[in-house]
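Have a look at the structure below before the remarks.
Letters A, B, ... are given to chains in the order of the sequence lines, protein chains preceding strands, and every chain is numbered from 1. Quick caveat, the model's predicted, so the values are computed rather than measured. Quick note: numbers below take in every heavy atom, side chains included, and nothing from hydrogens, waters or symmetry partners.
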2 protein chains.
Amino acid sequence: MRPSLSSQRLSTKDLVYFEIKQKIIEGLLKPNQSINEESLASELDISRTPIREALQRLEMQELVIRLPNGRLKVAPISIQEVEELFNVRSLLEGLVTREATIQATDKDMEKLKQYTQLIVDASEADQRVDVVNFGSEFHNYLYQISRNQTATKILNQLNDRVSRYRRLAPTKDNKRSQQAAEEHKKLFEAIANRNHDQAEKLMREHIHNSLNAAKSSIALHLHNNE
Amino acid sequence: MRPSLSSQRLSTKDLVYFEIKQKIIEGLLKPNQSINEESLASELDISRTPIREALQRLEMQELVIRLPNGRLKVAPISIQEVEELFNVRSLLEGLVTREATIQATDKDMEKLKQYTQLIVDASEADQRVDVVNFGSEFHNYLYQISRNQTATKILNQLNDRVSRYRRLAPTKDNKRSQQAAEEHKKLFEAIANRNHDQAEKLMREHIHNSLNAAKSSIALHLHNNE
DNA sequence: AATTGCATAACTGTATACAATTGCTTTTAG
DNA sequence: CTAAAAGCAATTGTATACAGTTATGCAATT
C-alpha cells in the first residue's frame, strides 16, 4: 500500500522503492531476473544513488537477492517460500487479531462490521478482486486497532511478498471468495463477542485456508515455467 | 585464486553496519541519541556513502528511527516494545521449534543434547553470561534445523533488538538462570521425543518467562533514565 | 521580553567521478 | 586444439561535489 503523497513529501529514493517493488509484484520484473543499477537509473532518468538505496530496502525485504558477487536479482518464488510466508503470517495475524479483539472500541467494531459487509457483498457479486481488497482493508484495520507496531511492520513486509503469489492464483475463484467471506463473517462475530481465543483461532485457520486455496495453482505455475 | 576468502569478503558498508549496530546494542549510542552521517563518517574515516547504506539497514531493522525531517536517531526503548518483541518472538520461536522437532536428525538431537548440557553446567556454575550465550546457540541451531528462512531472518533481526534490553537486566540473576536451564532441559526432552506440540508450547512459555524476568528491571531502568 | 523575518549554518538528498571487482573475449603457450 | 592468462568491458563499491531542505541564531519590531 502506497502512503498518500499529499500528507508527506517523499524523496526520489522512496518513490523508486515503491516503483520497483510494484514492478516485482506485478511480474514486470520476473523472478530470478538480474537487476542492473545503471539501466534502472537511465530508465527512470535519475542517478544510481537513489536506485541503490531503494534496492537495498528491497533486499532487506527479500524481494531482491544479492548474489555472492554483489550483483542483484529478483527473488525467486517457490512453494517453500509460500508455505513459510503463510505459516508466519498465520501466527502474526492471529496475534494482532487477539490484541485487536481485546482493545477494539465500539467505533472500531462498527468499522469492522462495515468491512465485513463489503466483503460479503463483493463475494455475492462474484467480484473476487473486491473480496481481496476489502479483505486487505479489514486486516489492515485490525493491525491499527492492535497498535502492535512490531507485528504490523513485519506483516506489511510479508504481505508485499505474498502479493507476488496472489497474482498467480486464478482470477475468478468464486468458491474460495465465498468461503473467505464466510470466514470473515465468523471472525467478525468472534471479535464482536470479545472472544479473543476464538478470534485468534479463526484468523489462523483463515490464513491457512487461503494458503491451501492458492497452493495448487502456484504449483502449476511453477511447474509450467521451470 | 582464493575463493574462500573472496566469498567471505565484506564490504565497508557491511562492516559499518555491524559496527554501528554493536554500538547501539552496547549502549555506546544511546536511545534517542541523534545520529549525524558526517560525524560518523569522519569518526570511521570513510565517506558518507557506506554510512548511509548501513544506517538505512538499521532503519529497516528499527534500531534507528527516521524523523519526519529526514534526520535519524537511535530508536528509543520502551516497555511496549519489549512486550511486542517477546510476543512475536514467542510465536516464531515456537514455530521453528515445532518444525525442528519434526525434521531433526539423530545427529541434530545429539548436538541439541550437548547444548542443553552446556546450559545446565553454566547455570550450576552461576555463569549467567554463558547460560545466555549457550542459550542463543541452542536457539540458533533450532533455526538451522527448521530450515525456515523467513522465520529465521525475522528472528535474527528481533534478537538484535532484544539484545539492547538484555544489557539492562541484572548481570547475575542466578535464579532466572537456573529456571532457564530447567526449561531448556524439559524443552530438549520434548524435542527428543518428537513431541512437536509440547515442544512448541514449552518454547513459547520459555520466551514468556524470559520476558517476565526481564520486565521489572527494564521498567526500573526506564524510570531512572527519563 | 516575546515574536517575526532573514541570513547563514548544518544537514540530508542526489548526481557525478573514480576505484575495485568481476565477467568475458581474445590471445598465447603447450 | 585446449587451457591458462592477459586485456578489456561491464558492474558494483566508495568518494566527492553539489543541490535542496531544515534548523539556528541574530536583529529588528512591537
Side-chain angles (χ1 to χ4, degrees), chain A residues 2-21 23-24 29-76, chain B residues 1-21 23-24 29-30 32-76:
Chain A
R2 207 164 151 143
S4 68
L5 290 165
S6 56
S7 65
Q8 192 182 341
R9 221 184 75 75
L10 286 180
S11 62
T12 309
K13 160 188 71 176
D14 295 322
L15 295 171
V16 169
Y17 164 74
F18 290 115
E19 193 151 341
I20 300 178
K21 187 170 82 178
K23 282 188 180 168
I24 293 175
L29 290 170
K30 296 206 174 87
N32 286 310
Q33 182 175 338
S34 69
I35 295 175
N36 184 304
E37 293 176 2
E38 194 157 284
S39 52
L40 272 176
S42 61
E43 187 183 322
L44 301 174
D45 202 38
I46 55 176
S47 75
R48 271 175 58 215
T49 308
I51 298 276
R52 278 179 67 82
E53 300 191 345
L55 287 173
Q56 199 185 297
R57 280 169 72 175
L58 292 165
E59 183 195 350
M60 288 265 96
Q61 207 178 339
E62 308 220 73
L63 282 168
V64 154
I65 300 291
R66 185 171 302 274
L67 304 175
N69 60 13
R71 315 215 166 165
L72 296 171
K73 68 171 187 178
V74 179
Chain B
M1 187 164 93
R2 301 182 301 183
S4 62
L5 282 181
S6 74
S7 63
Q8 283 172 5
R9 191 180 161 285
L10 288 178
S11 63
T12 308
K13 162 187 69 177
D14 296 321
L15 294 172
V16 168
Y17 165 73
F18 290 116
E19 193 153 341
I20 300 178
K21 187 169 81 177
K23 282 186 181 171
I24 293 175
L29 289 170
K30 297 206 174 85
N32 286 311
Q33 183 174 336
S34 69
I35 295 175
N36 183 303
E37 293 175 1
E38 196 159 279
S39 53
L40 272 176
S42 61
E43 187 184 323
L44 301 174
D45 202 40
I46 56 176
S47 75
R48 272 176 57 215
T49 309
I51 298 276
R52 278 179 67 81
E53 300 191 345
L55 286 174
Q56 200 185 298
R57 279 170 74 175
L58 291 166
E59 183 196 350
M60 287 264 96
Q61 206 178 340
E62 307 220 74
L63 282 168
V64 154
I65 300 291
R66 185 171 302 274
L67 304 174
N69 61 13
R71 312 209 168 169
L72 296 171
K73 67 171 187 178
V74 178

Can you tell me the distance, in whole Å, between the [atom1] atom of [X] and the [atom2] atom of [N]?
X       : N      : atom1 : atom2 : value
A:Lys13 : C:dA15 : NZ    : C1'   : 15 Å
A:Arg48 : C:dT16 : CZ    : P     : 12 Å
B:Lys73 : C:dC11 : NZ    : P     : 17 Å
B:Leu40 : C:dT12 : CG    : P     : 9 Å
B:Glu38 : D:dC18 : CD    : P     : 15 Å
B:Ile46 : D:dT16 : CD1   : P     : 11 Å
B:Asp14 : D:dT14 : CG    : P     : 8 Å
B:Glu37 : D:dT16 : CD    : C1'   : 14 Å

Can you tell me which nucleotide in D:dT12, C:dG23, D:dA15 comes closest to the side chain of A:Arg66?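 So the nucleotide nearest the side chain must be D:dT12.
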
Per B:Asn36 side chain, nearest of listed nucleotides C:dG13, C:dT14, C:dC11: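 So the side chain of B:Asn36 is nearest to C:dC11.
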
In this structure, which one of A:Gln56, A:Gln61, A:Arg57 forms a side-chain hydrogen bond (donor to acceptor under 3.5 Å, both in side chains) with A:Tyr17?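 Going through the options one by one, the only one that passes is A:Gln61.
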
Nearest non-hydrogen partners of A:Lys73 and A:Asn32, listed with the distance: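 Looking at all heavy atoms of both residues, the closest pair is NZ-OD1, 2.9 Å.
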
Least distance between heavy atoms, B:Ala54 atom then B:Val16 atom: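 Closest approach of B:Ala54 to B:Val16, heavy atoms only: CB-CG1, 3.6 Å.
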
Using a heavy-atom cut-off of 4.0 Å across all strands, would you classify [X] as base, sugar-phosphate, or nothing?
X       : answer
B:Leu72 : nothing
A:Ile51 : nothing
A:Thr12 : sugar-phosphate

Indicate whether OP1 or OP2 belonging to D:dA23 is found under 4.0 Å from a side-chain N or O atom of B:Asn69.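 Answer yes for this pair, as a side-chain N or O of B:Asn69 is under 4.0 Å from OP1 or OP2.
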
Below 4.0 angstrom from OP1 or OP2 of D:dG13, is there any side-chain N or O of B:Ser11?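 No, because none of the side-chain N or O atoms of B:Ser11 sits under 4.0 Å from OP1 or OP2 of D:dG13.
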
Heavy-atom side-chain contact between A:Thr12 and A:Ser47 under 4.5 Å: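 Contact flag for A:Thr12/A:Ser47 side chains = no.
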
Nearest-0.5 Å distance, CG of residue A:Asn36 to CZ of residue A:Arg48: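 It comes to 9.0 Å.
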
About how many Å separate CD of B:Glu43 and CD of B:Glu19, when rounded to the nearest 0.5 Å?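 Nearest 0.5 Å value for the CD-CD distance: 8.5 Å.
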
Could you say whether A:Gly70 or A:Thr49 is positioned toward the 5' end of DNA chain D, judged by the nucleotide with the nearest heavy atom to each?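 Taking each residue's closest nucleotide, the earlier one in sequence belongs to A:Gly70.
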
Please tell me which of B:Ser47 and B:Arg71 maps to the more 5' nucleotide of DNA chain D, matching each residue to the nucleotide holding its nearest heavy atom.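 Upstream on the strand: B:Ser47.
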
Should B:Val74 and B:Lys30 be marked as a side-chain contact (heavy atoms from CB on, under 4.5 Å) after you check the CA-CA gap, both sets of side-chain angles, and the distance that decides it? CA-CA 7 Å; B:Val74 178; B:Lys30 297 206 174 85; over 6 Å; no

Kindly state which residues belonging to residues 52-64 of chain A come within less than 4.0 angstrom of DNA chain D, counting heavy atoms of the residue only, listed by number.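 Under 4.0 Å from DNA chain D: A:Arg52.
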
